[in-house]
Amino acid sequence: MSDNPYTRAPPLARFNGPSTSNKAPHPLMGFLSRTVKAPQVQKALEGDTNPFTLQPHTKQYHKILEARKKLPVYSQMTEFYEMKSLSDALFLFLNRIPQFVCYTDLPHTKGKLVACTQPRRVAAMSVAKRVADEMDGEHYPRVIRMPSLIVIPVPLGKQVGYSIRFEDMTEPGTTFLKYMTDGMLLREAMNDPDLNRYSTIILDEAHERTLATDILMGLLKSLAKRRSDLKIIIMSATLDAHKFQKYFALQKGETAPLFKVPGRTHPVEVFYTQEPEPDYVEAAIRTVLMIHRAEDPGDILLFLTGEEEIEDACRKIKLEADDLMNQDPDSVGPVICIPLYSSLPPAQQQRIFDDPPKGRSPDGPPGRKIVISTNIAETSLTIDGIVYVVDPGFSKQKVYNPRIRVESLLVSPISKASAQQRAGRAGRTRPGKCFRLYTEKDFMSELEEQTHPEILRSNLANTVLELVKLGIKDLVKFDYVDAPAPETLMRALELLNYLAALDDDGNLTALGGIMAEFPLDPQMAKMLIVSPEFRCSNEILTIVAMLSVPNVWVRPPNMRREADQAKKLLEVPDGDHLTLLNVYNHYSLNMHDKKWAYNNYLNSRALAQADNVRAQLQRTMERFEIDIVSTQDERALYLNVRKALVCGFFMQIAHKEGEKNAYLTVKDNQVVSLHPSCGLDTTPEWVLFNEFVLTNRPFIRTVTTIKPEWLLEYAPLYFELSSFPKGETRRALESIFNKGNRLPVGSTKGKKRSREQSTEVEAKRKRA
DNA sequence: ATGAGTATC
């Protein structure tokens with residue numbers, strides 16, 4: 001938590017104080033919060049003095065202002081301020097207007113802030129930068145660089161700041177417009193449910209329906225009843241603005257005002273196929289080549305679903321396009337094919353902004369750039385110069401199956417809204433064309449209007465814990481924009497209860513309260529919190545950090561054998577969790593050297609991220625006085641780590657069935673195999689897994705061998721044998737249980753142990 | 001006998 005900015009004198013004092021040496025009236029003289037009218041704002045915008053910094057407006061400011069005046073939203077200013085002063089609580093908008101809100105809300109005079117949320121970190125950062133320039137805010141004098149961050153923070157205005165994970169670029173008392181990720185605001189709400197530091201909250205890109213935005217909409221709706229002074233603005237780019245408008249109606253028949261700002265794009269002509277295409281990749285390649293041969297100059301953007309598909313298509317298109325050029329050099333120009341997906345290093349991603357290749361001769365056909373992308377190019381990255389879009393109509397989407405508690409990725413048809421968004425990418429610089437590889441009839445009748453909101457497609461264990469921490473008593477009755485399946489909520493509650501984060505009545509326990517403070521899945525938070533009792537919190541901290549970042553193993557297609565050999569050298573036979581620990585420790589021993597990582601086929605960006613996450617988690621541990629301890633003897637240490645893993649992941653155990661590599665998950669009875677990336681050199685009888693992945697077949701990934709008696713000892717409630725389905729697993733556990741009962745008196749038995757853990761946590765909470 | 005669409009704390 002940053003310092004509370006409101007203990008300082010409100011900056012308004014400065015406006016009327018002696019610091020304004022000239023006799024000119026203050027630019028905001030006569031402005032009263034929320035009664036401000038457009039002509040007043042217009043005058044302030046045109047004025048010589050920046051009303052927020054009291055510095056003279058710069059030349060650059062006036063230049064930007066002239067450009068802004070041409071935007072549609074500028075001409076609607078009158079309408080905007082009229083409406084804002086007429087209504088009470090809720091506004092819905094279809095474009096970006098946070099600056100205008102500041103002129104009427106005047107948050108700095110009340111010691112408050114206007115918050116504007118974004119689904120993505122990069123957007124929060126870059127929009128803050130742009131708006132800081134538009135408002136002529138003061139800049140910090142230098143670029144702040146953090147060694148292990150992927151994105152380099154931009155110099156930003158003090159009045160306009162941003163807050164994202166790992167970076168709070170705001171200045172208490174000065175910043176009054178704060179851009180932030182939606183997840184960040186949700187975190188803040190956990191410690192300040194009334195969000196008292198904000199006078200207006202703007203949720204941008206609400207149509208994307210991220211998990212955090214959906215939860216925030218529910219919270220803000222009920223918060224509006226408690227805080228009459230709070231203004232809420234929802235910004236949405238698509239049709240479902242009406243859905244939000246209805247959702248936020250405080251009383252029946254009364255709807256929040258809607259304010260539309262037309263976007264500024266060029267027309268895009270849409271074409272459909274006559275017949276459905278049986279093979280969308282083949283059809284996509286054919287269409288791209290057809291465009292290249294027959295259409296006017298202009299770059300092409302093709303949407304495919306994943307890395308492998310994209311790399312494959314890239315090669316094929318390049319080969320065929322080169323062929324075409326060699327056959328007919330007078331009419332077909334050269335191409336470059338650029339793949340684009342999130343796991344590419346930033347330098348590779350930058351290539352999408354390269355210029356298209358030059359024509360082979362001055363008067364010959366010009367070159368063409370072809371970008372082949374996942375749906376990262378649909379929302380997160382915009383490429384100017386695209387004139388042609390090829391849309392096969394598919395993307396990989398997360399689906400959650402609460403019955404077997406598995407999240408997986410499925411190639412699925414996109415929604416109409418998505419298809420429109422994709423088509424729009426062709427019209428950013430001039431009129432364009434979009435080729436849809438499905439029939440118009442299918443578009444009309446088969447595609448859903450909107451992509452299913454994330455809340456309907458996710459495991460909600462984390463979210464439910466956050467909601468309970470926020471004081472939501474009845475999760476089923478919570479006012480969701482779209483309510484998740486009851487079974488999904490039940491699964492989440494069940495997990496949290498077994499982890500002792502919630503008691504049997506669904507109330508938050510002391511342990512649960514601390515778990516919620518960690519930006520981790522509940523299983524990982526639990527094992528981290530109990531790990532000092534196993535004298536390995538230093539190691540569990542590392543493992544949790546490593547599990548929180550993208551895959552650290554690099555396996556280039558042409559160097560697989562070398563990469564696998566390098567991995568072998570780092571593997572610990574007892575399990576992949578220990579291997580991750582080992583990798584991190586070697587990375588540290590080698591002074592976080594990128595070269596070392598590269599030579600050992602490790603992703604240095606992921607390792608740097610793990611470092612960052614580890615430091616953040618360590619700070620949270622210190623806040624709750626969770627000791628960071630270790631064990632000297634390596635054998636004892638590894639044993640302790642495996643026991644601590646069981647305390648968090650006892651619901652993710654598999655038992656070997658038969659002779660082969662076949663495992664059965666405990667209780668859910670799913671037949672699974674060890675993932676080929678698994679580093680165990682044997683197939684032990686009992687294993688704990690981090691992840692269940694469903695690809696061609698069901699796999700368990702990141703696996704460590706455990707002893708069954710630990711299950712009975714550390715998770716006695718879950719392993720209450722009478723509740724078990726009959727079968728080989730139950731028989732095996734029963735025989736362990738009977739053996740265990742004959743142990744000499746004095747060995748720690750399960751129930752006693754868990755009670756010890758909760759008292760320990762209770763004591764920590766009181767001290768914290 | 002082989003895999004991660006996109007985000008977030």
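A note on names: the letters A, B, ... follow the listed sequences, proteins ahead of strands, and every chain is numbered from 1.
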_Is there a side-chain contact between Thr379(A) and the phosphate of dA7(B), meaning an N or O under 4.0 Å from OP1 or OP2?_
no
*asked:* Under 4.0 Å, counting only non-hydrogen atoms across every strand here, what does Thr695(A) touch: a base, just sugar-phosphate, or nothing?
replied: sugar-phosphate
*Pick the C1' atom in dT2(B) and in dT6(B), then give their distance to the nearest Å.*
23 Å
*Would you indicate what Arg555(A) reaches in the nucleic acid, counting non-hydrogen atoms under 4.0 angstrom: base, sugar-phosphate, or nothing?*
base
*Could you work out which one of dG3(B), dC9(B), dA1(B) sits closest to the side chain of Ser677(A)?*
dG3(B)
*asked:* Just to be sure I understand the rule, does Asn462(A) reach a base, reach only the sugar-phosphate, or reach nothing, if contact means heavy atoms closer than 4.0 Å?
replied: nothing
_So Glu307(A), base contact, sugar-phosphate only, or nothing? Heavy-atom distance under 4.0 Å._
sugar-phosphate
*Do any N or O atoms from the side chain of Asn600(A) and from the backbone of Ala566(A) form a donor-acceptor pair under 3.5 angstrom?*
no
_Check this one for me: any side-chain N or O of Thr305(A) less than 4.0 Å away from OP1 or OP2 of dG5(B)?_
no
*For the side chain of Leu409(A), counting heavy atoms from C-beta on, which of dG5(B), dT8(B), dA1(B) is nearest?*
dG5(B)
*For Ile376(A), answer base if it contacts any base atom (sugar-phosphate contacts may also be present), sugar-phosphate if it contacts only those atoms, and nothing otherwise; contact means non-hydrogen atoms under 4.0 Å.*
sugar-phosphate
_Phosphate-side-chain proximity, Ser343(A) and dA4(B), N/O vs OP1/OP2 below 4.0 Å_ = no
*Angle class for the Tyr438(A)/Phe443(A) ring planes (parallel below 30°, perpendicular above 60°, tilted otherwise)?*
parallel
_If I pick the C1' atom on dT8(B) and the same atom on dA4(B), what distance separates them, to the nearest angstrom?_
16 Å
*Might you point out which heavy atoms bring Ser373(A) and Leu301(A) nearest each other, and give the distance in Å?*
CB-CD1, 4.0 Å
*asked:* On a heavy-atom basis, which atom in Gly648(A) and which in Lys526(A) lie closest, and how many Å separate them?
replied: CA-CG, 4.2 Å
*Among dT2(B), dG5(B), dC9(B), which nucleotide sits nearest the side chain of Met184(A)?*
dC9(B)
